[in-house]
Amino acid sequence: MAEAKIKVTGLTKDFGDTKVLKGIDIEIDAGEVVCVIGPSGSGKSTFLRCLNRLEEVTSGEILIDGESITSKDADVDRIRRHVGMVFQQFNLFPHYSVRRNIMFAPVDQKLKTPEQAEAKAVELLNRVGLGEKVDAKPSELSGGQQQRVAIARALAMEPDIMLFDEPTSALDPEMVREVLDVMKELAHEGMTMVVVTHEMGFARDVADRLVFVDDGQILEAGDPHEVMSHPADERTKAFFSKVL
Amino acid sequence: MNLSSLLDSFEQLSPMLAAGLATTLQVTIISLVVAMFLGVLVCLMHISKVRVLRGIAKFFIWIIRGTPMLVQAFYIYFALPQLIQLLSGSQFRIDVFVASLITLSLNAGAYISEIFRGSIESVDKGQMEASRSLGVSYSSSMRHIILPQAVRICLPSLVNQCIITLKDSTILYAIGLAEVMYQAKIYVGRTMESFATYTWVAVCFLLITSVLMLVSRTIEKRMRA
């Protein structure tokens, strides 16, 4: 059997005296789409942010393609290059045009020449349906458009893993769809995705696996339809009765 | 005393005013340039993860903020040379212009570093995270993503600091720097024309600071647009 794309063992995270993650174990295979759901404050975003070490873990180990990202001498920048991340607040660079937002990282790390990076930026923008916005500034775009640019920016590094941290939570309802559509397409193309989300419809239709996190632990994981229709844990039941 | 005599005295005053202003502007401008570099350095040390660097930066800012500039100027011009003399056993003197430059640079540098730090910290944390998540190094993220945004935020306060440094440079007359106030004092000693002399000194400063204030206001307006 092939080695897991992402392997998390015994992951814990404390903020001061607060234990946010209390021992997470999960293996995610290449091409798998995993949706992480749970009440707010459950630690699901922290878990995601540990996967590319935006958060330093307290204990436990995370292997990406068999390589530890949590060890002291890990080359974090190199691993991050193939682990893209999309944030709730988009975090586009406001002083750059859309084009430079997308070109910046590949050119800065000399993975592409400016010409190659620009061609790639245009291609990616077309792919997320924003081909005509190359010269726009982020502030001129709607939230949904900004988030699609953010996805294109992450894809410019040609990652094979994408992390999504509540990508539609800051959007007006009418813009959620356009972002989810782009994500759905990515999923169908075989991208390995970990998505923290409140979009139950997306989780049900697109995810290969649904992971329910509460109080810093994985309470339940499995086929989305199965977990949603027959939740085993009391807290999972309570959660779904509120959101479905 | 009437307006025409005030204007007359300006003619006699103007050579000394010009000489004093030249020195004032020289010491202010050079100090501000040095202070910008010093400010960036101290600020980066202050926000660094290395404890020792942070400690040095904090200590420096603590000293500068906690003592009057007049004391700093006396310390650099009189006290330090004596210390060096005692330690080395040989004569040591420091040029008054150099001492003035050092005083003003250190002083403005400390305040500018705090202005930079405030601006950097006011750039959204998500900017650094987004850049780092793309595999971009800390230094490159700082240079290309954080600092350009911080510079825009800090411009108005930076112009304000220029005004403060320009005005503070008059304190250096106390160690004998031949700037505007020093020249004015000599002139008054010779002619007893306190009113006319100090009126014109004040007007000169007002003119320069008004220009700077206008610059600051224009930048602020542009930023809001």
Side-chain angles (χ1 to χ4, degrees), chain A residues 45 48-56 64 69 75-96 100-111 117 137-139 146-147 149-159 161-166 170, chain B residues 36 39-40 43-44 46-54 112 115-159 215-216 218-225:
Chain A
S45 278
L48 192 77
R49 291 161 56 83
C50 285
L51 294 183
N52 65 351
R53 207 164 150 179
L54 278 186
E55 236 35 280
E56 291 291 334
I64 309 275
I69 193 170
D75 187 348
V76 181
D77 286 344
R78 191 171 50 74
I79 298 173
R80 279 175 181 161
R81 272 174 213 164
H82 67 100
V83 183
M85 188 167 206
V86 174
F87 300 84
Q88 182 176 354
Q89 298 296 337
F90 330 134
N91 295 344
L92 291 180
F93 308 132
H95 57 308
Y96 282 174
R100 280 189 73 192
N101 261 281
I102 302 175
M103 288 167 59
F104 168 64
V107 172
D108 180 77
Q109 291 161 80
K110 305 205 162 54
L111 303 173
K137 277 284 176 85
S139 57
Q146 287 193 52
Q147 194 60 298
V149 172
I151 294 174
R153 177 177 69 178
L155 292 177
M157 292 299 291
E158 301 181 3
I161 297 172
M162 284 285 281
L163 310 175
F164 292 86
D165 189 5
E166 304 198 21
Chain B
M36 294 284 173
V40 172
C43 164
L44 290 177
H46 204 162
I47 59 175
S48 126
K49 287 208 174 83
V50 186
R51 233 210 177 113
V52 182
L53 295 182
R54 268 204 323 264
I112 287 177
I115 292 173
F116 284 157
R117 189 167 67 98
S119 313
I120 286 174
E121 280 170 359
S122 69
V123 175
D124 183 43
K125 251 181 67 199
Q127 292 289 307
M128 180 58 99
E129 289 186 348
S131 183
R132 295 307 303 277
S133 79
L134 292 161
V136 178
S137 67
Y138 175 82
S139 62
S140 205
S141 305
M142 210 50 177
R143 203 162 58 239
H144 298 293
I145 304 302
I146 307 299
L147 288 181
Q149 296 185 56
V151 164
R152 290 192 48 175
I153 297 170
C154 78
L155 276 179
S157 326
L158 214 51
V159 177
V215 170
S216 166
T218 316
I219 293 171
E220 268 182 86
K221 250 189 219 150
R222 271 238 200 115
M223 275 174 51
R224 242 177 276 133

message: If I measure from the heavy atoms of chain B, does A:Val83 come under 4.5 Å with its side chain, its backbone, both, or neither?
response: backbone
Structural part of A:Leu163 lying under 4.5 Å from a heavy atom of chain B: neither
message: Using heavy-atom distances under 4.5 Å, tell me whether A:Phe87 contacts chain B through its side chain, its backbone, both, or neither.
response: side chain
Check: A:Tyr96 and A:Met103 side chains under 4.5 Å, non-hydrogen atoms: no
Which portion of A:Phe90 sits near chain B, non-hydrogen atoms under 4.5 angstrom: neither
message: With a 3.5 Å distance limit and no angle check, can you tell me whether B:Gln127 reaches the backbone of A:Leu92 through a side-chain donor-acceptor pair?
response: yes
- request: Find out whether the Lys NZ or Arg CZ of A:Arg153 is both under 6.0 angstrom from the six-membered ring centre of A:Phe93 and within 45° of the ring's axis.
  value: yes
Pairs of heavy atoms under 4.5 Å with chain A: top-ranked of B:Gly135, B:Ser131, B:Ala130: B:Gly135
message: I'd like to verify something: which residue of A:Arg81, A:His95, A:Met85 has the highest number of heavy-atom pairs under 4.5 Å with chain B?
response: A:His95
query: Taking A:Arg49, A:His82, A:Met157 one by one, which has the highest count of heavy-atom pairs under 4.5 Å against chain B?
result: A:Arg49
Residue pair B:Leu134 / A:Gln109: nearest heavy atoms and the distance that separates them: O-NE2, 3.1 Å
query: Would you say A:Phe164 and A:Ile151 make side-chain contact, with heavy atoms under 4.5 Å?
result: yes
- request: Using a 4.5 Å cut-off on heavy atoms from C-beta on, say whether the side chain of B:Leu155 contacts that of B:Arg222.
  value: no
